[in-house]
Amino acid sequence: MKQGSIPKTLVRGVFVTMLLSGLITAAHGADGESQAWVQFWASANITDRVGVKLVREDRFRDSDEDKYYYGYTELGFPVKLNDHWSVAPAIRAVRALRGGEWRDDLMPQGNLMHKTALGPVTLKNRARLAKTYKEAADVDPVEYQHKTDLVLTKGWGSWNVRPYAAEEVFYDFDEHDLTRFRTYGGLLVSPVKKVSVDLYVMREDTKAAGGWTDILVFGLAGGYEF
């Protein structure tokens, strides 16, 4: 081992510990329902700096009725500014079950992303400003969403396995308050070239009229980069 280098076993131990901490944090104390979120995406480069990405996500809950309750399709255009910064305008079409009826919502959004390598780990931040035009609703909310990820820079093995932990917060400009928190623990995997898979557990806490409610989400996101 070279002088000043970090032993690989130590790096792996630190990230396994972080992953387990994220999973425990996500699961601990969650007394709400369990859900499954499934996402598929495809992306391609238009130029060296401009790309296009299409996302489809469907959400299911542990309920006797209406297990499928939410789905969206999103089209975005990520633009790489330099090695650390990028932006991504996007539009999301949502179909959601509210009050026993299906509603169609539209969410235009702007995203600003930053990533930097800190030795064995990579720190990622995504700032999002979104407005949701809700069908049959009194208010079209405007939200600021901020997500911070800490992920292993170099993956393990032929599948490039990278554990990560993440935290996401939502600020509602109409409520003038933080209204939602998400804590993630997961694994990023690339079993074959250009294919990416994200397996995660996430706890979501949402502010409601009667206090805070929580759900525990088991998520799968997979995609292909053309």
Side-chain angles (χ1 to χ4, degrees), residues 11 15 18 37-59 71-94 105-133 140-171 173 180 182 184-200 202 219-226:
V11 174
F15 270 88
M18 289 177 57
W37 295 7
V38 182
Q39 181 186 113
F40 297 100
W41 56 265
S43 66
N45 291 326
I46 300 175
T47 69
D48 291 342
R49 292 186 175 272
V50 180
V52 59
K53 186 175 183 179
L54 182 65
V55 181
R56 176 64 196 182
E57 180 168 299
D58 294 290
R59 301 177 183 178
Y72 73 79
T73 301
E74 181 177 297
L75 180 64
F77 296 91
V79 180
K80 182 179 179 180
L81 303 178
N82 53 44
D83 290 339
H84 299 286
W85 292 95
S86 60
V87 295
I91 186 76
R92 178 181 296 185
V94 178
D105 305 332
L106 196 63
M107 180 197 292
Q109 57 183 266
N111 299 275
L112 175 65
M113 289 83 71
H114 178 265
K115 68 176 180 178
T116 184
L118 304 172
V121 301
T122 296
L123 178 66
K124 298 181 179 180
N125 281 281
R126 186 214 65 210
R128 172 181 292 164
L129 187 63
K131 181 177 179 67
T132 304
Y133 295 92
D140 295 325
V142 178
E143 285 186 320
Y144 172 74
Q145 306 167 13
H146 194 102
K147 187 179 181 184
T148 300
D149 294 74
L150 198 59
V151 58
L152 193 68
T153 301
K154 186 177 181 180
W156 303 337
S158 60
W159 281 28
N160 194 32
V161 178
R162 294 184 296 155
Y164 73 91
E167 185 76 19
E168 188 173 14
V169 296
F170 292 69
Y171 180 85
F173 286 96
R180 189 174 303 170
R182 291 175 177 173
Y184 301 76
L187 292 173
L188 298 174
V189 181
S190 182
V192 296
K193 187 178 181 180
K194 296 188 176 183
V195 173
S196 298
V197 178
D198 181 2
L199 301 167
Y200 66 90
M202 181 264 287
L220 167 65
Y224 185 83
E225 186 175 347
F226 288 91

Chemist: Quick check for you: to the nearest 0.5 Å, what is the distance between R182 atom CZ and R180 atom CZ?
Modeler: 5.5 Å

Chemist: Taking all non-hydrogen atoms of both residues, which atom of Y72 and which atom of R56 are closest, and how far apart?
Modeler: O-CD, 3.3 Å

Chemist: Please list all pairs meeting salt bridge (Lys or Arg N to Asp or Glu O under 4.0 Å) that have one or both residues in residues 105-128, counting only residues at least two apart or in different chains.
Modeler: R98-D105, R126-E168

Chemist: Does any non-hydrogen side-chain atom of I91 lie less than 4.5 Å from one of L106?
Modeler: yes

Chemist: Considering residues at least two apart in sequence or located in another chain, which fulfil the ring-ring contact (aromatic ring centres under 6.0 Å, His included) criterion with Y171?
Modeler: F173

Chemist: Could you tell me which residues satisfy side-chain contact (heavy atoms from CB on, under 4.5 Å) with T148, sequence neighbours excluded, listed by chain and number?
Modeler: L123, N125, H146

Chemist: Do you know the tightest heavy-atom contact between G76 and A90?
Modeler: CA-CB, 3.8 Å

Chemist: Of all heavy-atom pairs between T153 and V121, which one has the smallest distance, and what is that distance?
Modeler: OG1-C, 2.8 Å

Chemist: How many angstroms lie between atom CZ of R162 and atom CG of D198, to the nearest 0.5 angstrom?
Modeler: 10.0 Å

Chemist: Counting C-beta onward and ignoring hydrogens, is there a side-chain heavy-atom pair between W85 and K80 closer than 4.5 Å?
Modeler: no

Chemist: May I ask you to decide if the ring planes of H114 and H84 are parallel, tilted or perpendicular, using 30° and 60° as cut-offs?
Modeler: parallel

Chemist: Roughly how far apart are Y184 OH and D149 CG, rounded to 0.5 Å?
Modeler: 8.5 Å

Chemist: Atom OG1 in T132, atom CG in D140: separation rounded to 0.5 Å?
Modeler: 8.0 Å

Chemist: Taking atom NZ of K193 and atom CG of N160, what is their separation to the nearest 0.5 Å?
Modeler: 13.5 Å

